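Counting starts at 1 for both ligands and their atoms, in listed order. All values derive from a computational prediction rather than experimental measurement.
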Amino acid sequence: MAVPPITVAIAHHSGYGHTARQAAAVAEGADSVPGVRADLRDVSVLDESLWTALGTAEAIVFGSPTYMGSTSAVFQHFAEASAPVWAERGWQDKIAAGFTNSAGVNGNKDNALLSMTVFAAQHGMTWVPLGLTPGWIYSSNGSPEDLNRLGGFVGAMAQSPSDLGPEQAPGTADLRTARHLGERVARAALRQALGREAELASAVTG
Ligand SMILES: Cc1cc2nc3c(=O)[nH]c(=O)nc-3n(C[C@H](O)[C@H](O)[C@H](O)COP(=O)(O)O)c2cc1C
């Protein structure tokens, strides 16, 4: 069964470019799945083109730096600006996922990801978690190059030491983890689109 190419939108904010690198890795992962196109969107620009892109996407991956233990004010401004979409149930049943980057190894990244899950749930979206077991430190033979080295479950985590610019951080393990999330979301989005086609076809024939 064929479906038209579907889109995974990556709706993100990045103050200084580190989270933007993570977003690009998510996009690369989504683009690697045949039949799926990634659409990188900066949520600091709240224009018609953004809302149209998010409205037509099969999946939206939310991304924000962790600032003061939660999503950035710019991301939260975007979340609040989505209220008209919320009222129309415009994102109902879309696939959702999330990623965050911060300077601390912990830095309260989990809280930023959890606030994204609540945001997605408010919109009636279906959350796709990272789907990886924890890397590094979790076992005595772990390596900092392990996929999911920061051990997130809810979404993809990355760490950018505060003295490194975005050309140097986040590091390769965190970017590969972000890429994994993009690919996983793209596959889930494809399955959802195919399932909907099958459901429609069985309603017509049945
Ligand atoms: C206002 C502000 C608040 C921050 N709060 C946190 C925090 O709570 N936890 C943390 O680990 N890092 C924190 N940081 C560091 C950023 O998360 C880190 O520099 C990150 O790489 C920035 O990503 P960006 O370049 O995409 O903006 C904060 C930075 C700023 C500017």
> What residue and atom, counting heavy atoms only, is the protein's closest point to atom 1 (C) of ligand 1, and at what distance?
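Its nearest protein heavy-atom neighbour is Tyr67 CG, 4.2 Å.
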
> Hey, looking at atom 22 (C) of ligand 1, which of Thr100, Leu164, Val105, Asn101 has the closest heavy atom?
Asn101

> Is a side-chain donor or acceptor of His18 paired with a backbone partner of Leu164 at a separation under 3.5 angstrom?
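Pair found, side chain donor or acceptor close to backbone of Leu164.
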
> Look at atom CZ of Phe153 and say whether more than 12 heavy atoms of other residues, nucleotides or ligands are closer to it than 6.0 Å.
yes

> Of all the non-hydrogen atoms in the protein, which one sits nearest to atom 17 (O) of ligand 1, and at what distance?
Thr66 O, 2.8 Å

> Can you name the atoms of ligand 1, numbered from 1 with element, that are less than 4.0 Å from a heavy atom of Thr19?
23 (O), 24 (P), 26 (O)

> Please could you name the atoms of ligand 1 that Ser14 approaches to less than 4.0 Å, counting only its heavy atoms?
24 (P), 25 (O), 26 (O), 27 (O)

> Is Ser102 in polar range of ligand 1, meaning some N or O pair under 3.5 Å apart?
yes

> Check whether any side-chain heavy atom of His13 sits under 4.5 Å from a side-chain heavy atom of Thr19, and report yes or no.
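Side chain of His13 against side chain of Thr19, heavy atoms only: no contact under 4.5 Å found.
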
> Looking only at atom types and distance, does a side-chain atom of Ser82 sit under 3.5 Å from a main-chain N or O of Val85, one as donor and one as acceptor?
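Not a single qualifying donor-acceptor pair exists.
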
> Could you label the plane-to-plane angle of the Phe119 and Phe62 rings as parallel, tilted or perpendicular, counting under 30° as parallel and over 60° as perpendicular?
tilted

> Under 3.5 Å, N or O to N or O, is Gly15 touching ligand 1 that way?
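Such a contact does occur with ligand 1.
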
> Any non-hydrogen atom of Gly69 lying under 4.0 Å from ligand 1?
yes

> Identify, by atom number and element, the atoms of ligand 1 in contact range of Gly104, meaning under 4.0 Å from any of its heavy atoms.
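Result: 10 (C), 11 (O).
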
> So, taking the atom named OG in Ser70 and the one named CE in Met116, what distance separates them when rounded to the nearest 0.5 Å?
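These two atoms lie 8.0 Å from each other.
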
> Does a salt bridge link Glu183 with Arg187, judged by any charged N lying under 4.0 Å from a carboxylate O?
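Result for this pair is yes, salt bridge flagged.
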
> Measure across Leu190 and Gly35 and return the closest heavy-atom pair with its distance rounded to 0.1 Å.
CD1-O, 4.4 Å

> With sequence neighbours excluded, what pairs up with Ala38 under the side chain to side chain contact (heavy atoms under 4.5 Å, CB included) test?
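Ala38 satisfies side chain to side chain contact (heavy atoms under 4.5 Å, CB included) with Ile10, Ala27, Ala30, Asp31 only.
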
> Looking at ligand 1, does Ser162 have a heavy atom less than 4.0 Å from it?
no

> Numbering the atoms of ligand 1 from 1, which are under 4.0 Å from a heavy atom of Met68?
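It comes down to these atoms of ligand 1: 3 (C), 4 (C), 5 (N), 6 (C), 7 (C), 8 (O).
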
> Give the atom numbers and elements of ligand 1 that come within less than 4.0 Å of a heavy atom of Pro65.
23 (O), 27 (O)

> Side chains of Lys109 and Ser102: donor-acceptor distance under 3.5 Å anywhere?
yes

> Considering only the protein, which heavy-atom contact is closest to atom 19 (O) of ligand 1, and what is its distance?
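Ranked first by proximity to atom 19 (O) of ligand 1 is Ala103 CB, 4.3 Å.
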
> Using the six-membered ring of Trp86, assess whether NZ or CZ of Arg89 lies under 6.0 Å from its centre and within 45 degrees of the ring axis.
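Yes - Arg89 lies over the ring of Trp86, closer than 6.0 Å to its centre and within 45° of its axis.
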
> Hey, does Asn106 come in under 3.5 Å of ligand 1, counting only N/O atoms on both sides?
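Among all N and O atoms of Asn106, none is under 3.5 Å from an N or O of ligand 1.
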
> For ligand 1, which part of Asn108 has a heavy atom less than 4.0 Å away: the side chain, the backbone, both, or neither?
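Neither; nothing of Asn108 gets under 4.0 Å from ligand 1.
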
> Nearest protein heavy atom to atom 25 (O) of ligand 1, by residue and atom, and its distance?
His18 ND1, 2.6 Å

> Check each of Gly107, Ala20, Ala23 against atom 7 (C) of ligand 1 and report the one with the nearest heavy atom.
Gly107

